[in-house]
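Model, not experiment: these values are computed from the prediction. Each ligand, and each atom within it, is numbered from 1 in the order the structure gives.
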Amino acid sequence: MGEEANDKLLNADDGPGNEKSAVEDVKYYTLEDIRVHNMSNDTWLIIHEKVYDITSFLEEHPGGEEVLLEQAGADATESFEDVGHSTDAREMLEQYYVGELHPVSATHLASFDFCIKFSSLHNWSTWLISAVAAAVVGVVYRYFIFEHKSS
Ligand code: HEM
C-alpha cells in the first residue's frame, strides 16, 4: 500500500493535468510546475517545502509586492526567514497553501542549497587559510631578519 502511494507520488508529474498527486488530499508540485506561476496575476512561492498561491496577497503585503514578485515561481524560504516575519505572518500563510513541494524536487533544492553554502564556505575558508599563511610567513621573516641583524 505504501509502495502504491509512493508510485503515485513519483508519477505525479507525468503529464498535463496529472501534476497533482493522488496521495490523500495533499497535492504535490515539482519545481517545474511551480516555476510557471511567476507573474503578477499568477504568483506562487515555496516556503519550507510548502507551496503557496499568493496572487491575491500581493497588494496586501506590508513589505510590498516587489519583493514577492522577485521570488515568484521559486523558493522564497531564505528571504522569508531573513526578514524575521512575525507569528501572525506565518499564520497568514495557511490561507494561501495549495500543496507540497514534490519530494524529488525538495531533494534537488536541498542539494543545490548545500552546493551554494559549501562553495561560499570554501571561498571563505580559502581566504582565511591564505591570510593565516601570510601572517605566519610575515612573522617567520621578521624573526629571521631580527636574528640576522643581532648575530
Ligand atoms: C506569502 C508569504 C508572506 C507573507 C504572508 C508575509 C507577510 C508579511 C507581514 C504580515 C508583514 C508585516 C510584518 C510582520 O508581521 O512580520 C511582512 C513584512 C515584510 N515582508 Fe513579508 N510576507 C511574505 C513573504 C515575504 C517574502 C518572500 C519577502 C521577501 C523578501 C518578504 C519581505 C517582507 C518585508 C521586507 C517586510 C517589511 C518588514 C518591515 O518593514 O519591518 N515577505 N510580511
Check: every ligand 1 N/O to protein N/O pair under 3.5 Å:
from, atom 1, to, atom 2, distance (Å)
ligand 1, 15 (O), Ser86, OG, 2.5
ligand 1, 16 (O), Ser86, N, 2.8
ligand 1, 16 (O), Ser86, OG, 3.2
ligand 1, 20 (N), His61, NE2, 2.8
ligand 1, 20 (N), His85, NE2, 2.8
ligand 1, 22 (N), His61, NE2, 2.8
ligand 1, 22 (N), His85, NE2, 2.9
ligand 1, 42 (N), His61, NE2, 2.8
ligand 1, 42 (N), His85, NE2, 2.9
ligand 1, 43 (N), His61, NE2, 2.8
ligand 1, 43 (N), His85, NE2, 2.9

- Query: Is Val83 reachable from Leu93 through a run of I, L, V, M, F, W or Y residues, each pair having side-chain heavy atoms under 4.5 Å apart?
  - Reply: no

- Enter the distance from Leu68:CG to Thr43:OG1 here, rounded to the nearest 0.5 Å. 8.0 Å

- Say whether Ser79 and Asp82, considering side chains only, have a donor N or O and an acceptor N or O under 3.5 Å apart. no

- Task: Please determine, by modelled atom types, if Thr77 and Asp75 share a side-chain donor-acceptor pair under 3.5 angstrom.
- Result: yes

- Task: Scan Tyr29, Tyr97, Tyr96, Phe57 and name whichever one has a ring-ring contact (aromatic ring centres under 6.0 Å, His included) with Trp44.
- Result: Tyr29

- Message: For a ring-ring contact (aromatic ring centres under 6.0 Å, His included) check, start with the C-alpha distance between His85 and Phe80, then their side-chain angles and the critical distance, and finish with the verdict.
- Response: CA-CA 7 Å; His85 282 92; Phe80 183 80; 4.1 Å; yes

